[in-house]
Amino acid sequence: MERKNNSQALEFILREFSAEPETQPLLFVIFLSMYLTTVLGNLLIILAVSFDPHLHTPMYFFLSNLSFVDICFTSTTVPKVLVNIQTQSKAITYAGCITQMYFFADFTTLDALLLTAMAYDRFVAICHPLHYITTMNPRLCVQMVLGSWILSNLNSLLHSLMMLRLSFCTDLEIPNFFCDLKQLLQLACSDNLYNNVAMYFASLLLGGSSLLGILYSYSKIFSSVHRIASAQGRYKAFSTCTSHLSVVSLFYCTCLSIYLSSATSHSSHSSAIASVMYTVVTPMLNPFIYSLRNKDIKRALGTFLMVGTTKC
């Protein structure tokens, strides 16, 4: 393939879900419905937490930030999918691809770090309840969220700047419906050794440490819950973790599925399903998991919707 030094003039070709024209309107409706559901569901969580004084606690502070990140995460990929389906175009500019890659990596890392912060919050609440108020003070919560934003943006900025030094060939086709760092590196014509080292090192450092932090927190939580004498006490203590544990399982399972499917499977269909589960379905399900399994959220949502209906 011919090399192109002026990467800014390149256009990447994203993979389409179906080449049949009659399926395009159905795909557009499906993706639009999932996107609107994701935005509305997470927005309701944010509004409920903001307007209900009973939810002004560290756990729900982290949850509202997670909901905001999920809206941004989905908005990184789905609007471009909708535009491509509507215009019957698969192209994305070089600048647009690098931008999408930056924000995709940014919000993916943010999701992992916020889930870790929420696990630490549950660890302190269950294992050290007497010190919870002093430990999880507002200043620490803000610092944890701010630190997560700084780390995730520095990580994305590093990969984006390193990507700019690479040369790409013409007629590049990305085997996915969005620009992913790993797949972009595979399309580079120039040496990408340092990029790959940085990618795997950052994944191990941020993703691996986040997962280890969550596993460590829950190992301590399980140990503390197990020592509670009454079954009712054990249920009450662990019930505050079930929603978070469900979201963690969904996030990491879909995250692993997309990279395992791209590494071990040659089926574009299975890879597409894994990508949709990871980028669209997971952020859409998170508000349902928290609202259906959390009495405080359900009560706050009911009150907020009732007040909104009364004002109308």
For the pair Phe288 and Thr37, evaluate side-chain contact (heavy atoms from CB on, under 4.5 Å) and give the outcome as yes or no after the intermediate values.
-> CA-CA 10 Å; Phe288 289 100; Thr37 302; 3.7 Å; yes
Enumerate the residue pairs fulfilling ring-ring contact (aromatic ring centres under 6.0 Å, His included) with a member in residues 23-44, sequence neighbours excluded, ordered by first and then second residue.
-> Phe17-Phe31
About how many Å separate CD of Gln24 and OG1 of Thr87, when rounded to the nearest 0.5 Å?
-> 10.0 Å
Within the 6.0 Å centroid threshold, strictly below: Tyr278 and Phe73 | yes
More than 12 non-hydrogen atoms from neighbouring residues, nucleotides or ligands closer than 6.0 Å to CG on Leu161, yes or no?
-> yes
Looking only at heavy atoms, which two atoms of Cys141 and Pro58 are closest? And how far apart?
-> SG-CB, 3.6 Å
Mind jotting down which residue pairs meet the ring-ring contact (aromatic ring centres under 6.0 Å, His included) criterion with at least one end in residues 126-150? Sequence neighbours excluded, please.
-> Phe123-His128
By ring pair (Phe, Tyr, Trp, His ring centres under 6.0 Å) - contacts of Phe178 (at least two apart) | Phe104
Taking the inter-plane angle between the rings of Phe107 and Phe103 on a 0 to 90° scale, is it parallel (under 30°), tilted (30 to 60°) or perpendicular (over 60°)?
-> parallel
Greater than 12 external heavy atoms within 6.0 Å of His54's NE2 = no
Exercise: identify the closest heavy-atom pair between Asp121 and Met59 | OD2-CB, 3.4 Å
If you take all heavy atoms of Asn286 and Val247, which pair is closest and at what distance?
-> OD1-CG1, 3.6 Å
Common cluster, Phe68/Leu113, ILVMFWY with side-chain heavy-atom separation under 4.5 Å = no
More than 12 heavy atoms of other residues, nucleotides or ligands under 6.0 Å from OH of Tyr200: is that the case?
-> no
Leu146: side-chain contact (heavy atoms from CB on, under 4.5 Å) partners, not counting sequence neighbours = Ile150
What heavy-atom pair brings Val280 and Pro283 nearest, and what distance separates the two atoms?
-> O-CD, 3.4 Å
Look at atom NZ of Lys80 and say whether more than 12 heavy atoms of other residues, nucleotides or ligands are closer to it than 6.0 Å.
-> yes
Listed once per pair and sorted, the disulfide (SG to SG under 2.5 Å) pairs that draw on residues 191-233, sequence neighbours left out = none
Contacts of Phe251 that satisfy ring pair (Phe, Tyr, Trp, His ring centres under 6.0 Å) - sequence neighbours left out | none
